[in-house]
Every structure is written in C-alpha cells, then in structure tokens.
Asks: 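One structure, pasted below without further comment.
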Amino acid sequence: MKLRRAWPVLAALVWAGSLVGGPAADEDEITAVYSKTSDDYVRRRQADGTYENESYAFGEGGLWSATGDDAVEKLKFINIARTIAAPLSRESYVPSHDPDKTRLLIMVYWGRTNGTALGASSSIAYQNLASAQHNTPPAYTTTRTGHVIHVDSGDPSKSAQSFDDSFLLPVLAENERRDQADYTNARMLGYADAMDDARGLEYTALRFRRDDLIDEIEDDRYFVVLMAYDFPLLWKDKKHKLVWETRFSIRERHNDFSRQLAAMAESAARYFGQDSHGLVRKHAPVARVDAGEIKVIGTEPEKK
C-alpha cells in the first residue's frame, strides 16, 4: 500500500461558501462514521446552545491508497481541505491564520482501501484444494463459514490415502493473510472496535451483525481521516497530543470519491469533536460545497 505524507503543512482556509443542493452518485449511499475524543476534551456552549468557536489549521497527512484510482489520486490536499472546511465551520470550528491563536492542528488523510471481497476462494490455493478433492475419493467434505474451513471426514481408513494436507495448509495460510488485511482496513476505517464487540457472534443467532461488518470491511472503501492535535503543545513544545479523531468512509463500488466527498463530510459533521460511541452508519445527503482559497501560514520540517 502507498502512503504519501507531508508532515505537517499548516494551512488555514478562507471560505466563502456553504452547502447547497446538488447531484450525488447515490442518494441511498451509507457513510460509516467513527469518532473519538480524548478524556479531557470538552467543548463549551454559548448561551444560545451553540458551541464556542475553536480555531484550527489544516495539516496535510496525505494519500493512503492501495491501488491506482483516478477518483482518489486526482484530488489534492487543497480539494479535500476546501470541502471539509464548510461542515467544520457549521460545527463552530473556524480557520486561523495566526499560529499564536490556533487551537487545533487537524491532520487530513484520505484514500481507498484494498478490500478482500474477492476472497481466497478464487485463489490458486483454493483451486488446488478443490482439484485435489475432485480427483480423489470423497473422504472429506469441506465447507467455509467466514474465514473458517470445516472439514467433515468420511471413512478414516481412506482419508490418509485420498487427501493430502499439503493442499489444505496453503488455504489456511491464505485465510490468515486475509484476516490480517481485514484488520488493517478495520483500523483505518474505524471498524476495529465494532469488530471486537462482534467477536464470537459468528456462532450465535446474531452472526449477521458480524457478517455485515465483514462484508463492509472487505469491500474497497473510500475514506477520510481527521486527526485533531493540540496545536500550541505541538508548536511550542513539539509534543503530540491527539484531541479527537473522526473517520468516515463509503464503499467504492458505484461511487466517485470526488463527487461523494462533500456528502460524506456532511454525514460525519455532527461527530467532529464528538464521541460517536462506536461505529455509526448514516445516509449521505445530496450535497456539494463551495469554498474559498487556501493559504499556507507556516511549515514544520518532517522529523525522521
């Protein structure tokens, strides 16, 4: 997988637009959102119930992509930042041009995961296993549930002669690699906690919950990750303190990331700086955003 980073380019957005109606690829598209805050991060409200303004600057985290995809790679950091600036503003996060008055550094990452939806069943290992079973007496019958292979042996006196374990071992190894890839994607997309909570459900009547999560993780997905750091602590003391993070994504199939980005950000907006208390799935609104120019206010060299 490719990871392109520039750490960090500090930038503030001057925007002069708002969210307005417009076409989207799929009005019924579901955006998955996961958001978490640090224990000591509290947003204060004003008399009218709205949040007090918090100043921020953007940092370019970079593109995280597993495969060449023009819909992702044609978008630059400025495109992503402009689109996210409007929903941030409605949640009372305001861009800052002065490092001495900036409260948060919001690092922006985006990209597409490489899902495992095609599965191991199309691999050489599985084909060899199927061929071995076809060309020998039916001493074994195999079925697959999730990532588990169930082997039902027939006559034990024939099994040693009719079935070679060397065909099964590569399949088990491939399933292990698939599980590792799924876990990596789950962490990137914000599914890891939900997967931990669903552990063991595959053996119960609630197995559909885990199956749904697996199906979503194993699809290719477009995503954005926002990670907000305490900027004064970073700027003056060179210490990293993560204040909040928000991860949101949609499936790649039938979607164009550049067209769906505004709707994705709108779906996730209410969780900026808030704890979602787990994975949330929301219908993406039909939307587009118009924003102003982006200005660089300073840079910090990347640390080795």
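All values below come from the heavy atoms of this structure, side chains included, with hydrogens, waters and symmetry mates left out.
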Asks: Flag this pair as yes if the NZ/CZ of Arg43 is under 6.0 angstrom from the six-membered ring centre of Tyr93 and inside a 45 degree cone about the axis; otherwise no.
Replies: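 Output yes; distance and angle both within limits.
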
Asks: Is it the case that more than 12 heavy atoms not belonging to Asp48 sit under 6.0 Å from its CG atom?
Replies: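 Count over threshold, so yes.
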
Asks: Between Asn114 and Asp220, which heavy-atom pair has the shortest distance, and what is it?
Replies: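 For Asn114 and Asp220, the tightest heavy-atom pair comes out as C-OD1, 3.6 Å.
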
Asks: Are Arg187 and Asp182 close enough for a salt bridge, meaning some N to O gap below 4.0 Å?
Replies: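 Asp182 and Arg187: not salt-bridged.
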
Asks: Any side-chain to backbone donor/acceptor pair from Ser96 onto Ser55? Under 3.5 Å, distance only.
Replies: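 Side chain of Ser96 to backbone of Ser55: no pair is present.
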
Asks: Carefully, step by step, assess Ile78 and Arg82 under the rule side chain to side chain contact (heavy atoms under 4.5 Å, CB included).
Replies: CA-CA 6 Å; Ile78 290 179; Arg82 283 175 175 168; 3.5 Å; yes

Asks: Using the benzene-type ring in the case of Trp, are the ring centres of Tyr56 and Phe58 under 6.0 Å apart?
Replies: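 Yes, ring centres under 6.0 Å apart.
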
Asks: Starting at CG of Asp230, measure out to OG1 of Thr102 and round the result to the nearest 0.5 Å.
Replies: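 OG1 of Thr102 is found 11.5 Å from CG of Asp230.
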
Asks: Can you measure from OG1 (Thr31) to NZ (Lys282) and round to the nearest 0.5 angstrom?
Replies: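 Nearest 0.5 Å value for the OG1-NZ distance: 9.0 Å.
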
Asks: Please say whether the positively charged group of Arg45, taken as NZ for Lys or CZ for Arg, lies over the ring of Tyr51, i.e. under 6.0 angstrom from the six-membered ring centre and within 45 degrees of the axis.
Replies: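 Judged by the rule, Arg45 and Tyr51 form a cation-pi pair.
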
Asks: What distance separates Asp40 CG from Lys241 NZ, expressed to the nearest 0.5 Å?
Replies: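 So the gap between those two atoms works out to 3.5 Å.
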
Asks: List the steps, then state whether side chain to side chain donor-acceptor pair (under 3.5 Å) holds for Ser35 with Ser276.
Replies: CA-CA 5 Å; Ser35 192; Ser276 64; 5.4 Å; no

Asks: Donor-acceptor check, side chain of Thr184 to backbone of Gln180, threshold 3.5 angstrom: yes or no?
Replies: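 Yes, Thr184 side chain to Gln180 backbone: donor-acceptor pair under 3.5 Å.
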
Asks: So if I apply the side-chain contact (heavy atoms from CB on, under 4.5 Å) rule between Met188 and each of Tyr109, Phe223, Tyr183, which one comes out positive?
Replies: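 Going through the options one by one, the only one that passes is Phe223.
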
Asks: Whether Arg44 and Glu54 form a salt bridge (side-chain N of Lys/Arg under 4.0 Å from carboxylate O of Asp/Glu) is what I want to check.
Replies: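 A salt bridge is absent here (no side-chain N lies under 4.0 Å from a carboxylate O).
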
Asks: Run the side chain to side chain donor-acceptor pair (under 3.5 Å) check on Ser249 and Arg221 step by step: do they pass?
Replies: CA-CA 6 Å; Ser249 65; Arg221 295 185 70 86; 3.0 Å; yes

Asks: Please round to the nearest 0.5 Å and tell me the distance separating atom CZ of Phe272 and atom CD of Glu245.
Replies: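 It is 13.0 Å, given to the nearest 0.5 Å.
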
Asks: Answer yes when Asp219 and Arg251 have at least one side-chain N-carboxylate O distance shorter than 4.0 Å, and no when they do not.
Replies: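 So Asp219 does not pair with Arg251 through a salt bridge.
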
Asks: Indicate yes or no for a side-chain donor-acceptor contact from Asp98 to the backbone of Asp100 under 3.5 Å, with no hydrogens or angles considered.
Replies: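 Yes: the side chain of Asp98 pairs with the backbone of Asp100.
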
Asks: So, applying salt bridge (charged side-chain N to carboxylate O under 4.0 Å, His left out) with Glu216, which one of Arg281, Arg210, Arg253 is it?
Replies: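 One option only clears the test, and that one is Arg281.
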
Asks: Please give me the minimum heavy-atom distance between Asn79 and Lys74, naming the atom from each residue.
Replies: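 Heavy atoms of Asn79 and Lys74 come nearest at OD1-O, 4.1 Å.
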
Asks: Taking all atoms of both residues into account, what is the closest heavy-atom pair of Gly59 and Phe77, and its distance?
Replies: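 In terms of heavy atoms, the two residues are closest at O-CE1, 3.8 Å.
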
Asks: Could you tell me which non-hydrogen atom of Leu104 sits nearest to which non-hydrogen atom of Phe231, and how far apart they are?
Replies: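 Answer, listing the atom of Leu104 first, then Phe231: C-CB, 3.7 Å.
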
Asks: Mind checking the CZ-CD spacing from Arg112 to Glu252? Nearest 0.5 Å is all I need.
Replies: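 It is 4.0 Å, given to the nearest 0.5 Å.
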
Asks: Under the side chain to side chain donor-acceptor pair (under 3.5 Å) criterion, do Asp193 and Tyr34 qualify, and how do the steps go?
Replies: CA-CA 9 Å; Asp193 287 354; Tyr34 174 85; 2.8 Å; yes

Asks: Identify the heavy atoms of Ala262 and Thr83 that sit nearest to each other, and give their distance.
Replies: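 Looking at all heavy atoms of both residues, the closest pair is CA-CG2, 3.6 Å.
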
Asks: What is the minimum heavy-atom distance between Val243 and Tyr229, and which atoms define it?
Replies: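 Heavy-atom minimum between the residues: CG2-C, 3.9 Å.
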
Asks: Just wondering, more than 12 heavy atoms not from Arg103 lying within 6.0 Å of its CZ?
Replies: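 Counting neighbours around CZ of Arg103, more than 12 heavy atoms of other residues, nucleotides or ligands fall under 6.0 Å, so yes.
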
Asks: Under 6.0 Å from the CG atom of Asp70, do we count more than 12 heavy atoms belonging to anything else shown?
Replies: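 Open: at most 12 neighbouring heavy atoms sit under 6.0 Å from CG of Asp70.
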
Asks: Could you check Lys76 against Glu60 for salt bridge (Lys or Arg N to Asp or Glu O under 4.0 Å), going step by step and ending with a plain yes or no?
Replies: CA-CA 10 Å; Lys76 305 303 181 184; Glu60 181 178 357; over 6 Å; no

Asks: Can you list the steps and then say if Asn185 with Tyr191 is a side chain to side chain donor-acceptor pair (under 3.5 Å)?
Replies: CA-CA 8 Å; Asn185 289 338; Tyr191 278 71; over 6 Å; no

